[in-house]
Amino acid sequence: MHSQDVQVLDALQRWAAEGHGAALVTVVRTWGSAPRPPGAWMALRDDGLVQGSVSGGCIEDDLVLRMRAGEFTGTPVLQRYGVTQDEAARFGLPCGGTLALLIEPAPDAASLRALSERLREGRLMRRTVDVATGAVTLDDACRGDALQWDGQRLTTVHGPRWRLLIIGAGQIARYLAPMAIALDHAVSVCDPREAYATEWDVAGAPLLPGMPDDVVVAFQPDPRTAIVALTHDPKLDDMALLEALKSPAFYVGALGSRVNNAARRERLRQHFDLSDEEVARLHGPAGLHIGSHTPPEIALSILAEVTAVKNGVDASRPRPASGPADDAAGEAGGAMWRSPGCVAGG
């Protein structure tokens with residue numbers, strides 16, 4: 001679950017405990033360019049305080065004014081912004097964008113509390129709102145579930161944070177981990193090498209003890225998990241990849257040049273009994289090709305590819321012709337490959 005969603009849930013419960021009225025605003029649909037995607041949440045307190053967002057700011061300002069005026073009461077209401085070009089310009093919606101919002105006055109505190117509890121248990125949940133009555137139901141969701149809106153009922157999906165497991169606690173990991181944390185990934189690191197593990201001190205990215213293959217298995221990768229091997233030591237990277245490529249992880253990548261990754265794929269086929277389909281899941285060299293050379297640039301390229309794959313974007317494009325400079329850049333990291341499919345499962 002995105003940290004912004006957690007903040008919205010916590011704010012609504014805190015405000016209710018303090019005796020404030022509040023509304024929950026959800027982006028239902030967008031047309032054209034819109035600042036926030038369907039499913040984005042915002043909490044709006046009766047005195048105008050805001051948590052979360054549904055646009056770049058102008059729509060929030062209008063909602064605050066209307067909330068202070070006491071307009072939002074009773075059952076949920078559907079509100080559209082940017083229907084005309086003038087309105088789009090007025091509310092800061094680019095390219096004539098339009099968005100529809102569902103505004104729930106006084107959302108049920110018990111259902112919000114139940115949703116928070118289930119999310120803390122690591123469950124993936126569906127929240128369905130009946131527009132006519134305001135009634136809310138919560139159900140366990142499947143990994144492939146998405147937002148649904150039929151004009152009468154809105155179903156949003158909320159679940160555990162995306163996770164990133166980094167194999168190798170070297171310099172690239174020191175940049176990749178905080179970047180991924182900033183994008184709301186739960187980050188963990190594995191490195192059995194004492195020289196690296198002893199010095200690992202990145203806040204919010206715990207070091208997991210054990211060998212990479214055992215750590216990957218214990219990590220229980222799911223379709224919200226990415227795994228990146230960065231040690232440059234085949235004995236360690238290959239161990240992690242052996243288990244990662246058999247898992248449901250949506251992204252599995254490895255650092256190294258195209259030559260090294262070709263050799264790695266052959267090893268995985270010949271000596272580790274992985275199928276061609278499993279080996280083909282490997283993103284190697286890991287990262288989008290952005291000409292990266294320094295550790296922070298390499299980390300940026302890797303996280304960019306992880307983000308593209310997570311969002312279902314095909315980031316493929318022709319790489320430069322092979323040559324010494326290209327192989328050097330590939331050694332540093334920088335490639336592009338596929339997008340994942342959804343995997344159902346609770």
Side-chain angles (χ1 to χ4, degrees), residues 121-124 143 159-181 185-256 260-261 263-287 298-299 302-303 305-306 309-310 333 340 343 345-346:
E121 296 169 358
R123 294 165 65 178
L124 188 64
R143 292 292 176 182
R161 295 170 67 187
W162 297 86
R163 298 187 297 162
L164 172 63
L165 175 60
I166 302 172
I167 308 300
Q171 196 173 20
I172 295 173
R174 288 184 171 275
Y175 290 97
L176 179 59
M179 287 181 185
I181 291 170
H185 291 265
V187 179
S188 300
V189 178
C190 166
D191 198 326
R193 302 172 298 179
E194 184 177 354
Y196 291 91
T198 302
E199 291 299 311
W200 182 257
D201 58 357
V202 177
L207 188 74
L208 305 180
M211 296 301 289
D213 52 342
D214 295 330
V215 168
V216 171
V217 172
F219 201 70
Q220 297 183 329
D222 61 21
R224 288 180 171 238
T225 302
I227 301 171
V228 184
L230 303 179
T231 72
H232 252 313
D233 183 343
K235 296 188 299 294
L236 298 177
D237 287 348
D238 288 3
M239 292 173 65
L241 297 173
L242 170 63
E243 299 298 339
L245 291 169
K246 294 187 292 187
S247 78
F250 76 89
Y251 179 95
V252 179
L255 202 65
N260 285 349
N261 272 283
R264 174 181 285 120
R265 288 185 175 87
E266 190 60 27
R267 286 196 307 273
L268 293 171
R269 289 190 188 94
Q270 294 291 331
H271 304 294
F272 293 100
D273 197 30
L274 289 174
S275 68
D276 289 344
E277 182 179 13
E278 289 169 335
V279 172
R281 297 185 59 226
L282 176 64
H283 293 256
I298 297 163
I302 292 171
L303 190 55
E305 184 177 51
V306 170
V309 174
K310 175 179 78 72
V343 180

Considering residues at least two apart in sequence or located in another chain, which fulfil the side chain to side chain contact (heavy atoms under 4.5 Å, CB included) criterion with [X]?
X: D238; answer: P234, L241, R264, R267, F272
X: E199; answer: R174
X: A173; answer: I166, W200, L230
X: E278; answer: K246, L274, S275

Ignoring hydrogens, what is the shortest heavy-atom contact between [X] and [Y]? Give both atom names and the distance.
X: L255; Y: A286; result: N-CB, 4.4 Å
X: L282; Y: R265; result: O-NH2, 3.1 Å
X: V187; Y: A180; result: CG2-CB, 3.7 Å
X: A226; Y: V306; result: CB-CG1, 4.0 Å
X: Y175; Y: A299; result: CB-CB, 3.8 Å
X: V202; Y: P178; result: CG1-CD, 4.1 Å

Measure the spacing between [atom1] of [X] and [atom2] of [Y] and express it to the nearest 0.5 Å.
X: Y251; Y: T225; atom1: OH; atom2: OG1; answer: 14.0 Å
X: K310; Y: L303; atom1: NZ; atom2: CG; answer: 9.5 Å
X: I167; Y: C190; atom1: CD1; atom2: SG; answer: 4.5 Å
X: M211; Y: M239; atom1: CE; atom2: CE; answer: 4.0 Å
X: I227; Y: F219; atom1: CD1; atom2: CZ; answer: 7.5 Å
X: L268; Y: D276; atom1: CG; atom2: CG; answer: 11.0 Å

>> If the condition is salt bridge (Lys or Arg N to Asp or Glu O under 4.0 Å), which residues does R193 pass it with, not counting sequence neighbours?
In response: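 R193 satisfies salt bridge (Lys or Arg N to Asp or Glu O under 4.0 Å) with D191 once adjacent residues are dropped.
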> Looking at residues at least two apart in the chain, or sitting in another chain, which of them share a salt bridge (Lys or Arg N to Asp or Glu O under 4.0 Å) with D233?
Replying inline: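 D233 satisfies salt bridge (Lys or Arg N to Asp or Glu O under 4.0 Å) with K235 only.
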> Below 4.5 Å, heavy atoms only, C-beta onward: do P212 and D237 meet side chain to side chain?
Replying inline: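 Answer no - side chains too far apart.
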>> Applying side chain to side chain contact (heavy atoms under 4.5 Å, CB included) to I302 and M179, what does each step give before you reach the verdict?
In response: CA-CA 10 Å; I302 292 171; M179 287 181 185; over 6 Å; no
>> I'd like to know if the side chain of R281 and the backbone of S247 have a donor-acceptor N/O pair within less than 3.5 Å.
In response: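 A pair under 3.5 Å: yes.
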